[in-house]
Amino acid sequence: MTDLRAQVRERVVAALELDAAEQQALLLQPPKNREHGDIALGCFALAKLRGVAPPQLAAELAARFVADDTIESASAAGPFVNFRFHRAALARMAVAGVLRSESPFAPTPPAAGSPAIVIDFSSPNIAKPFHMGHLRSTVIGAALGRIHRHLGNRVEGVNHLGDWGMPFAKMMTAWMRFGDEAELHRSPMRHMFDLYRRYGDEAKAHPELDDEAAAHFRALESGADNEERRMWQFLRDESLKAFQGPYDRLGVTFDHFTGESFYEDRMEAAMQRVAAAGVLEVDDGAEVVKLDALGIKVPCILRKSDGATLYHTRDLAAAFYREATFRPSRILYIVGAEQKLHFEQLRGVLKRMGEPLADKIEHVPFGLILARNEETGKWEKFASRGGNAIFLDEVLDEAVANVRRIIAEKNPDLDDPDEVAEQVGVSAIVFNDLKNSRIKDVKFDWEQMLNFDGETGPYVQYAVARLAGILRKLDVDPDAGAALCDGVDYALLADAEQVLLTMLEFGDTVQRAAEQSEPSLVTALTIRLAGDIHAYLRDHHVLRAEPDVQRARTALVAAARQLLRTALGLIGVAAPDRM
RNA sequence: GCGCCCAUAGCUCAGUUGGAUAGAGCAUCGGAUUUCUAAUCCGACGGUCGCAGGUUCGAGUCCUGCUGGGCGUGCCA
């Protein structure tokens with residue numbers, strides 16, 4: 001609620017002549033019960049600083065406050081002061097703010113020379129199909145990228161592909177042992193997935209396969225132009241081609257496709273830096289950095305006893321590279337919560353080296369995707385090897401097909417049902433993933449995922465479609481923007497205060513989403529705004545309204561549609577005007 | 001064993017540096033459509049916020065212990 005807060009804050013600071021410390025303690029919040037006012041100040045912290053009782057300070061502030069043409073009143077209620085805005089001012093801030101593309105409703109242009117936010121996300125392992133497990137990192141990272149760009153930050157989105165190391169070496173081993181040339185060229189990803197499962201089965205009985213894989217990895221890392229290298233290149237190319245499908249459907253793009261292999265010739269320099277800092281030790285033949293002093297019991301291994309590099313080695317080289325190339329203020333790693341230790345170790349190594357870079361490393365963890373075990377009824381982690389990995393395309397197709405059925409039933413005359421079904425279906429899956437706090441596990445439930453009633457993507461999209469429908473009937477260009485503000489009497493929108501107040505929370509919400517790396521805050525706001533709109537439209541007709549009222553409501557409808565589209569856009573959800 | 005995360009309505013979840021009477025959706029039940037898209041709206045039902053202490057004027061929120069579930073725990077990523 002950037003605008004409301006700022007205005008009240010300014011007035012309170014002036015009324016009470018607050019010093020810097022007191023201003024820090026000034027906490028403005030929307031009241032739980034909106035009948036109290038539009039924004040409230042709990043006087044507890046402030047009163048403590050001044051050594052007076054909170055109700056007394058509240059009363060004093062309310063008495064000193066002078067109403068103006070923006071803030072209508074300030075009234076004390078016990079230890080709280082409730083501020084109320086003139087309804088016209090509220091409407092003007094929200095509706096004109098949106099339609100005139102003012103901050104924070106429109107993207108802020110990036111400031112010259114501002115530091116970058118690097119976002120390491122998606123990062124699937126090559127030679128494996130893109131499955132549900134990859135969805136979370138992909139949509140959370142993409143949403144955070146858009147949110148930061150909206151705020152005017154420079155963003156470098158990096159797909160840190162798993163195209164190096166043992167997982168890949170295992171795939172290569174499977175290929176050399178069980179691969180079928182014709183099959184590979186006919187359906188590369190399918191064949192690779194079969195090989196992957198076969199390796200898993202065979203390795204149980206024959207652990208020596210892992211030794212073979214390790215040998216293949218050493219051969220690849222030797223840099224020689226050999227069979228391993230040719231295989232690596234082929235599988236990498238095929239995988240990237242295959243991944244492009246899901247990325248296109250999700251509308252996700254990257255600035256860089258620098259996978260682990262990119263750091264092949266940068267790891268040596270990174271190792272030398274660690275050695276030069278004097279923190280590298282040899283333990284059981286491996287080169288490690290001990291982190292006990294930082295409270296991390298497990299040392300960070302940077303080179304195996306057989307000389308091969310590891311995940312940590314590449315992440316360290318990547319951190320150095322990104323620092324030098326992008327000059328970032330933050331490097332966000334959108335990686336599952338189960339890898340928390342990995343990033344603590346990475347930070348730990350940098351800390352022990354005395355690198356300020358350590359504080360820029362931010363692991364943004366998220367919960368697992370769980371499947372229901374039909375026998376026990378309990379939620380369990382997906383066993384990707386057990387063959388119950390669900391391909392993303394499969395889920396998207398199912399959602400789209402379901403939308404297609406609903407369209408046939410509810411809106412059979414729609415011009416482009418397949419296109420709309422794709423938009424709505426894919427969005428439903430993305431929306432569902434970004435709905436809850438990212439740290440929560442996502443329970444993969446077909447029934448719930450395909451139910452489009454209530455707090456879902458289609459619910460919010462439907463609000464946009466209703467709003468667009470009204471503008472269409474009015475013969476108003478939905479994107480007319482500022483022109484729609486002409487001659488509007490904002491006082492006539494007093495009955496839309498719930499919608500307006502929610503709209504005014506947008507700026508603060510986006511800000512918090514960026515700070516906390518929590519896109520679900522934006523998702524939740526779209527649900528609330530859509531709900532407010534749906535409720536408002538029930539009792540407030542636009543087409544049948546008197547001319548003055550119609551003009552004001554038209555502006556409101558256009559602004560609400562535009563803001564919903566902006567907010568949905570941030571989380572990667574498209575909003576068609578008809579559905 | 002140790003470390004970390006989670007626990008709020010039957011289910012899935014919100015709850016903003018601790019603040020006013022703990023809120024939604026799903027499910028169930030009841031109602032609203034000659035009126036801008038009923039993928040909607042309105043209402044009802046539903047809570048010892050896992051348990052026990054503690055800090056505080058005030059705790060779902062902070063601290064300690066416990067219980068239950070999950071994840072992780074040197075040569076995988």
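No experiment lies behind these values; they were computed from the predicted model shown. In what follows, chains are A, B, ... by sequence order, proteins preceding strands, each numbered from 1.
Distance, A:Phe452 CZ to B:U40 C1': 16 Å, rounded to whole Å. The CG atom of A:Leu450 sits 17 Å away from the P atom of B:A39 (whole-angstrom rounding). When the P atom of B:U40 is taken as reference, atom OH of A:Tyr536 falls 21 Å away, rounded to whole Å. A:Leu28 has its CG atom 13 Å from the P atom of B:U17, to the nearest Å. For the pair A:Phe444 CZ and B:U12 C1', the interatomic distance rounds to 15 Å; values are reported in whole Å. Per the geometry, CG belonging to A:Leu434 stands 15 Å off C1' belonging to B:C13, to the nearest Å. The separation between A:His540 atom NE2 and B:U35 atom C1' is 15 Å, rounded to whole Å. When the C1' atom of B:A24 is taken as reference, atom CZ of A:Phe431 falls 13 Å away, rounded to whole Å.
For A:Arg50, the side chain to side chain donor-acceptor pair (under 3.5 Å) criterion is met by A:Glu22, not counting sequence neighbours. In this structure A:Arg218 satisfies the side chain to side chain donor-acceptor pair (under 3.5 Å) test together with A:Asp306, sequence neighbours excluded. Listed by chain and residue number, A:Asp495, A:Tyr536 satisfy the side chain to side chain donor-acceptor pair (under 3.5 Å) test with A:Arg553 (two or more places apart in sequence, or in another chain). For A:His312, the ring pair (Phe, Tyr, Trp, His ring centres under 6.0 Å) partners at least two apart in sequence or on another chain are A:His342.
Across all strands shown, A:Asp577 has heavy atoms under 4.0 Å from base atoms, whether or not it also approaches the sugar-phosphate. Counting any heavy atom pair closer than 4.0 Å across all strands shown, A:Arg528 reaches no nucleic acid atom. Across all strands shown, A:Thr456 has no heavy atoms under 4.0 Å from either base or sugar-phosphate atoms. Within 4.0 Å of A:Leu537, counting heavy atoms only, lies at least one base atom of the nucleic acid. Heavy atoms of A:Ile527 sit nowhere under 4.0 angstrom from any nucleic acid atom.
Annotated as anti: B:G72, whose O4'-C1'-N torsion sits more than 90° from 0.
Phosphate contact (OP1/OP2 of B:A7, side-chain N/O of A:Lys440, threshold under 4.0 Å): present. At B:C11, none of the side-chain N or O atoms of A:Lys443 fall inside 4.0 Å of OP1 or OP2 (strictly under the cut-off). Applying the 4.0 Å criterion to OP1 and OP2 of B:A14, one finds that A:Ser520 has every side-chain N and O outside that range. For A:Lys410 and B:A39, the shortest distance from a side-chain N or O to OP1 or OP2 is below 4.0 Å.
Place A:Lys340 and A:Ile407 on RNA chain B by their nearest nucleotides, and A:Lys340 ends up nearer the 5' end.
Spacing between B:C62 and B:G19 at atom P, rounded to whole Å, works out to 11 Å. Taking the P atom of each, B:A22 and B:G47 are spaced 13 Å apart, rounded to whole Å. Comparing B:A39 with B:A27, their P atoms are spaced 14 Å from each other, to the whole Å. When the P atom is used for both B:G74 and B:G69, the distance is 23 Å, rounded to whole Å. With both ends at atom P, the span from B:G60 to B:C4 equals 25 Å, rounded to whole Å. Comparing the P positions of B:A59 and B:G54 gives an interatomic distance of 12 Å, to the nearest angstrom. B:U55 and B:U64 have their C1' atoms separated by 11 Å, with the value rounded to a whole Å. Nucleotides B:C42 and B:G25 are separated by 8 Å at their P atoms, to the nearest Å.
The stretch residues 409-434 of chain A participates, sequence neighbours left out, in no ring-ring contact (aromatic ring centres under 6.0 Å, His included) pair at all. Pairs engaging residues 519-532 of chain A under the side-chain hydrogen bond (donor to acceptor under 3.5 Å, both in side chains) rule: A:Thr502-A:Asp532, A:Glu505-A:Arg528, A:Glu518-A:Ser520 [sequence neighbours left out]. Sorted by first and then second residue, the side-chain hydrogen bond (donor to acceptor under 3.5 Å, both in side chains) pairs involving residues 438-450 of chain A (not counting sequence neighbours) form an empty list.
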Sugar-phosphate means primed atoms, P, OP1 and OP2; the rest is base. With that split, encode nucleotides 68-77 of chain B 5' to 3' as B, S or - using protein heavy atoms under 4.0 Å. ---SSSBBSB
For a quick check, with a 4.0 angstrom heavy-atom cut-off, what is the B/S/- contact string for nucleotides 18-23 of chain B, read 5' to 3'? -BBB--
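Checked by atom type and distance alone, the side chain of A:Asp163 pairs as donor or acceptor with a backbone atom of A:Ser261 at under 3.5 Å. Within the 3.5 Å criterion, the main-chain N or O of A:Leu543 finds a donor-acceptor partner in the side chain of A:Gln550. For the pair A:Ser123 (side chain) and A:Asn159 (backbone), a donor-acceptor distance under 3.5 Å is absent. A:Gln461 contributes a side-chain N or O that, together with a main-chain N or O of A:Ala574, makes up a donor-acceptor pair within less than 3.5 Å.
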Show, in sequence, the C-alpha distance, side-chain angles and deciding distance for A:Phe121 and A:Phe366, and conclude whether the ring-ring contact (aromatic ring centres under 6.0 Å, His included) test is met. CA-CA 12 Å; A:Phe121 71 109; A:Phe366 54 83; over 10 Å; no
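Taking the six-membered ring where the residue is Trp, the centroids of A:Tyr333 and A:Phe343 are separated by under 6.0 Å.
Residues A:Glu455 and A:Lys435 are not paired through a salt bridge, judged by the lack of any N-O separation under 4.0 Å between the basic side chain and the carboxylate. A salt bridge links A:Glu344 with A:Lys340: the closest approach of a Lys/Arg side-chain nitrogen to an acidic carboxylate oxygen falls below 4.0 angstrom.
Heavy atoms of other residues, nucleotides or ligands lying less than 6.0 angstrom from CD of A:Glu546 number 12 at most. Within a 6.0 Å sphere centred on CD of A:Gln23, heavy atoms belonging to other residues, nucleotides or ligands number more than 12.
Note that CD of A:Gln345 and CZ of A:Arg352 are 13.0 Å apart. Values are rounded to the nearest 0.5 Å.
Using the six-membered ring where Trp is involved, A:Tyr263 and A:His160 have ring planes that are tilted, between 30° and 60° apart.
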Close N or O pairs between protein and nucleotides 26-28 of chain B (under 3.5 Å):
none

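Contacts between residues 541-562 of chain A and RNA chain B, defined by a heavy-atom separation below 4.0 Å, involve A:His541, A:Val542, A:Leu543, A:Arg544, listed by number.
Listed nucleotides: B:C41, B:C36, B:A39. Nearest to the side chain of A:Ile470: B:C36.
Scanning RNA chain B for stems, defined as runs of 3 or more consecutive Watson-Crick or G-U wobble pairs whose donor-acceptor distances all fall under 3.5 Å, gives the following ranges: B:1-7 with B:67-73, B:10-13 with B:23-26, B:28-32 with B:40-44, B:50-54 with B:62-66.
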